[in-house]
Asks: 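What follows is a single structure, and I will ask about it in a moment.
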Number of protein chains: 2
Amino acid sequence: MRADAKRNRDRIVEVAREVFRERGYDASLDDIAKRAGVGPGTLYRHFPSRDALLDAVMQAWVDRVTDATDKALVYEGSPREFLVSWFETYVALISLHKGGPAKITSAMGVEDSPIATKTRVLLTQTQRVVDHLRAQGALRDDIDALQLCRLAGGVAVVADQGGLDADATRPLLTVLADGLLR
Amino acid sequence: MRADAKRNRDRIVEVAREVFRERGYDASLDDIAKRAGVGPGTLYRHFPSRDALLDAVMQAWVDRVTDATDKALVYEGSPREFLVSWFETYVALISLHKGGPAKITSAMGVEDSPIATKTRVLLTQTQRVVDHLRAQGALRDDIDALQLCRLAGGVAVVADQGGLDADATRPLLTVLADGLLR
DNA sequence: AACCATACGGAGACTGTCTCCGTTTAGCAA
DNA sequence: TTGCTAAACGGAGACAGTCTCCGTATGGTT
């Protein structure tokens, strides 16, 4: 890749991160291009779709997901507390920008999605949580990591779109936890 | 209201119902106007926003919700089976057109929403289900009808956006039911 | 220095939203 | 029936966002 191309690409991602956070996932792409000081053509060449851009923006986010799981797994406490706390982390992670929960959760398990690399990481980390719980025999066995993501994702979507805060979301997550454990 | 106005209004609602079902909630409103044989101005005068039109389209739907609850409440069986079956009904009802679950669930509990009349009916009927379960002492008591709608709505959104069929959705709903009952 | 593959960027086609306003008409009163 | 007017119509067009095409500019190489 030519030096000027890389410079522009990086700058677009940087600006897009800000704008997505400020204005949500619906922000105008031409506007992002303008703010980054490039033409729309340049943006669309680097990122053929909105999702492709989002995928790039989320690159750094992937590391946070893994870190968060590492931290969660050393937690000492009841499976219920562990699971609720991990759900809260999960919801927070996918709610970093408006529209995120819907975007991510509906792409979950869809291999040819433009953000498949990201959902795969999320799924892998959830699998670690599932394994951890199974090792204790605490998790019902008709549920896998994908379904767990969908359940938590569903709550996250509702919280995101309905403007629920953490206190309003927690009881919903405890219901999930209680339904999942045995 | 003048006779021609009523005629046009009815025709727009009728066409919108078809188009929303065919193409989802994002269908072009100008297109609906065209199919209904009226100008866009006429459509926008009758229905200032997409939501206002959706609200009108859903009018008939309200009766189905009440009917469905009536039927569900005479069900004889365990609370678990009852709740799962009612969840399935609930999800089906709000999934009648694409985007419906997200639209309805995020409006749930928001009094000044354009479709507030519809969510209120849904909430009232859910309350009947809650009362029914409470009478049997089967429902945990930190959860109300609104939260129940949000949980089921969350699953419905995921199912809608992720293209899950009834078989893939059922296990998610059983988790909810198990988490809600005691 | 010359070359050219690569990249740029902006004009503009296209689509959807929504408004304004000149035209038409339903319903009523004389 | 006729005439009047408020109500309703509808379409041109302003505006915004998406996305492409293509003439121009330039980084990297020989």
Side-chain angles (χ1 to χ4, degrees), chain A residues 1-58 97-100 102-103 106-107 112-115 161, chain B residues 1-57 97-100 102-103 106-107 112-115:
Chain A
M1 180 184 291
R2 241 167 62 172
D4 56 341
K6 172 160 173 39
R7 210 163 38 233
N8 277 326
R9 191 183 187 286
D10 290 350
R11 174 121 187 79
I12 289 168
V13 171
E14 187 187 329
V15 168
R17 180 173 293 121
E18 287 168 26
V19 175
F20 280 157
R21 184 149 330 179
E22 274 172 36
R23 306 240 262 256
Y25 181 68
D26 289 335
S28 155
L29 297 188
D30 278 26
D31 190 49
I32 290 174
K34 198 178 294 171
R35 279 221 225 178
V38 302
T42 300
L43 186 148
Y44 281 94
R45 191 162 357 84
H46 286 297
F47 309 101
S49 70
R50 180 178 292 275
D51 279 325
L53 179 54
L54 185 62
D55 189 65
V57 165
M58 283 179 165
H97 35 76
K98 218 165 142 295
K103 210 69 212 168
S106 64
D112 58 349
S113 154
I115 57 170
Q161 293 180 356
Chain B
M1 181 182 293
R2 244 167 63 172
D4 56 342
K6 171 159 175 37
R7 210 163 37 233
N8 277 325
R9 190 183 188 287
D10 290 351
R11 175 119 187 82
I12 290 168
V13 171
E14 187 187 327
V15 169
R17 179 173 294 121
E18 286 168 25
V19 175
F20 281 158
R21 184 150 330 178
E22 274 172 35
R23 306 241 263 256
Y25 180 70
D26 288 337
S28 156
L29 297 187
D30 278 26
D31 190 49
I32 290 175
K34 198 178 293 170
R35 279 221 224 176
V38 302
T42 301
L43 186 148
Y44 281 94
R45 192 162 356 84
H46 285 300
F47 309 101
S49 69
R50 181 177 290 275
D51 279 325
L53 179 55
L54 186 61
D55 189 66
V57 165
H97 34 77
K98 221 167 139 295
K103 210 69 213 166
S106 64
D112 57 350
S113 153
I115 57 170

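Chain A is the first sequence line, chain B the second, and so forth, proteins listed ahead of strands; every chain is numbered from 1.
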Asks: In this structure, how many angstroms lie between the P atom of dT18(D) and the CG atom of Asp31(A), rounded?
Replies: 9 Å
Asks: Restricting to non-hydrogen atoms, name the atom on Gln161(A) and the atom on Ser106(B) that form the minimum distance, rounded to 0.1 Å.
Replies: CB-CB, 3.5 Å
Asks: Specify the closest pair of heavy atoms between Val57(A) and Val13(A), including all atoms of both residues, with the distance to one decimal.
Replies: CG2-O, 3.9 Å
Asks: Quick check: does any side chain N or O of Arg9(B) sit under 3.5 Å from a backbone N or O of Phe47(B), one acting as donor and the other as acceptor?
Replies: no
Asks: Heavy atoms only, 4.0 Å cut-off, all strands: where does Asn8(A) land among base, sugar-phosphate and nothing?
Replies: sugar-phosphate
Asks: Hey, could you give me the CG/CE distance between Asp55(A) and Met58(A), rounded to the nearest 0.5 Å?
Replies: 8.0 Å
Asks: Look at all strands and tell whether Pro40(B) reaches a base, only sugar-phosphate, or nothing, counting heavy atoms closer than 4.0 Å.
Replies: base
Asks: Which heavy atom in Arg50(B) sits nearest to a heavy atom in Tyr25(B), and how many Å separate them?
Replies: NH1-O, 2.6 Å
Asks: Any idea which heavy atoms bring Asp51(B) and Ile115(B) closest together, and the distance?
Replies: O-CG2, 3.8 Å
Asks: Of all heavy-atom pairs between Met1(A) and Ala5(A), which one has the smallest distance, and what is that distance?
Replies: CG-CB, 3.6 Å
Asks: Among residues 11-27 of chain B, which contact DNA chain C at a heavy-atom distance under 4.0 Å?
Replies: Ala27(B)
Asks: Which residue, Thr42(B) or Ser49(A), contacts DNA chain D at a nucleotide closer to its 5' end, judged by nearest heavy atom?
Replies: Thr42(B)
Asks: Specify the separation, in whole Å, of atom CG of Asp4(A) and atom P of dT24(D).
Replies: 19 Å
Asks: Without decimals, in angstroms, what is the distance between Phe47(B) CZ and dC9(D) P?
Replies: 11 Å
Asks: Roughly how many Å is it from CG in Leu29(B) to P in dG10(D), rounded to a whole number?
Replies: 16 Å
Asks: For DNA chain C, whose closest nucleotide is more 5', that of Arg7(B) or that of Arg45(B)?
Replies: Arg45(B)
Asks: Reading DNA chain C from 5' to 3', where do the contacts with chain B start and stop? Cut-off is 4.0 Å to heavy atoms.
Replies: dG16(C) to dG27(C)
Asks: So Asp30(B), base contact, sugar-phosphate only, or nothing? Heavy-atom distance under 4.0 Å.
Replies: base
Asks: Roughly, in whole Å, what's the span from CZ in Arg9(B) to C1' in dC9(D)?
Replies: 16 Å
Asks: Testing the basics here: between His97(B) and Arg21(B), what is the closest heavy-atom pair and its distance to 0.1 Å?
Replies: CB-CA, 4.0 Å
Asks: Ignoring backbone atoms, establish whether Arg2(A) has a side-chain N or O less than 4.0 Å from OP1 or OP2 of dT26(D).
Replies: no
Asks: Please determine if Asp10(A) and Lys6(A) form a salt bridge, counting it only when a charged side-chain N lies under 4.0 Å from a carboxylate O.
Replies: yes
